[in-house]
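I have placed the structure first, in the form of structure tokens, so that the comments after it can refer back to it.
Sequence lines set the chain letters: A, B, ... in the order given, protein chains first and strands last, and positions in each chain run from 1.
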There are 2 protein chains.
Amino acid sequence: MTLSGVLYALSDPLRLSIVKSLATQGEQPCGAFGLSVAKSTASHHFRVLRETGVIRMKPEGTQHINSLRREDLDSRFPGLLDAILQASEPV
Amino acid sequence: MTLSGVLYALSDPLRLSIVKSLATQGEQPCGAFGLSVAKSTASHHFRVLRETGVIRMKPEGTQHINSLRREDLDSRFPGLLDAILQASEPV
DNA sequence: CTCATAGTTCGATTATAATCGAACAATAGG
DNA sequence: CCTATTGTTCGATTATAATCGAACTATGAG
């Protein structure tokens, strides 16, 4: 889990929107985000988030539940996630 | 100045190193960072940092002095820069 | 067993980004 | 005026990343 990796993962608007949704709505399956891209594209973005350590995924029935790795992020990069979530909130 | 833009700019290790240097050493001309890439490549990275609003540049004699736009960043994205600089410090 | 649902993987395409060298521009110094 | 220094711009190349459709996998429902 690297800083550059996390920043890169979050620099994509679609991935950032996923993370924001997880932060405010809590864990959700991939289908719940209403992403307007092909399934394979969505899967790619979830993979990036997973591989950079931003989210975790657990299979549950036929779906995969995503959740934010908040504790890990907060301990490794204190304040970073909060700053990002807060910065993107003013919408 | 967008969040995604700033995150993108800082997700590149070379650009992050420039920003770290500016944060700790204060303003410096392009040549002072000891970047091991071609001049044109360095110029490209400075441009990205400039265009995303992370740094400003002022010509001074034959050189261009770079400085961090800390106030702007802090007011637009409170805590973000600090979190990033702190996270990358543990070196 | 069959079928629908939820995602993944694969391969291909397209779009972005990083990188370089060469030529250029601006300035300061002699 | 000539030259060195500092950085920019341009064009080309290469590397990464985003995107899609099609085929696949796993699970649960009937």
Length of the line joining B/Glu60:CD and C/dA28:P, which is rounded to integer Å:
10 Å
Backbone N or O of A/Ser40 within a donor-acceptor pair of the A/Ser43 side chain at under 3.5 Å?
no
In whole angstrom, what separates A/Ile18's CD1 from C/dG7's C1'?
13 Å
The complete set of side chain to side chain donor-acceptor pair (under 3.5 Å) pairs with one or both residues in residues 72-84 of chain A, sequence neighbours excluded, reads A/Arg69-A/Asp72, A/Arg70-A/Asp82
Short side-chain N/O contact to C/dT8 OP1/OP2 from A/Ser43, under 4.0 Å
yes
In whole angstroms, how far is the C1' atom of C/dA28 from the CD1 atom of B/Ile65?
14 Å
Which nucleotide, C/dT8, C/dT5, D/dT5, lies nearest any side-chain atom of A/Arg50?
C/dT8
So if I apply the side chain to side chain contact (heavy atoms under 4.5 Å, CB included) rule between B/Met57 and each of B/Cys30, B/Pro29, B/Ser67, which one comes out positive?
B/Cys30
Taking A/Arg56 first and then A/Glu71, would you say they form a salt bridge - that is, a charged N and a carboxylate O separated by under 4.0 Å?
yes
Could you check how far CE of A/Met57 sits from P of C/dT8, rounded to whole Å?
4 Å
Taking all heavy atoms of B/Val6 and all of B/Thr52, pick out the closest pair and write down the distance.
CG2-O, 3.9 Å
Taking only nitrogen or oxygen atoms into account, show me every contact under 3.5 Å that the protein makes with nucleotides 11-18 of chain D, one pair per line with its distance.
residue, atom, partner, partner atom, Å
D/dA17, O3', A/Tyr8, OH, 3.4
D/dA18, OP1, A/Arg15, NH1, 3.2
D/dA18, OP1, A/Arg15, NH2, 3.2
D/dA18, OP2, A/Tyr8, OH, 3.1
D/dA18, OP2, A/His44, NE2, 2.9

D/dG7 P sits how many Å from B/Phe46 CZ, rounded?
8 Å
Could you give the distance from CG (A/Leu73) to CD1 (A/Ile84), rounded to the nearest 0.5 Å?
9.0 Å
With nearest nucleotides of DNA chain D determined for B/His64 and A/Ala42 from heavy-atom distances, which residue corresponds to the more 5′ nucleotide?
B/His64
For the pair made of CD in A/Gln28 and P in C/dG7, what is the distance, rounded to whole Å?
11 Å
Exam field: side chain A/Gln28 to backbone A/Gly26, donor-acceptor pair closer than 3.5 Å
yes
Out of D/dG7, D/dG21, C/dA28, whichever nucleotide has its closest atom nearest the side chain of A/Ala38
D/dG21
Distance from B/Leu7 atom CG to B/Thr2 atom OG1, nearest 0.5 Å?
8.0 Å
Gap between atoms NZ and P, on A/Lys39 and C/dC10 respectively (whole Å)
16 Å
For DNA chain D, determine which residues of residues 29-36 of chain B have any heavy atom closer than 4.0 angstrom to one of its atoms, and list them numerically.
B/Pro29, B/Cys30, B/Gly31
Can you find an N or O donor on one side and an acceptor on the other, under 3.5 Å apart, linking the side chain of B/Ser40 with the base of C/dG21?
yes
Working to the nearest 0.5 angstrom, can you tell me the gap between B/His45 NE2 and B/Asp12 CG?
5.0 Å
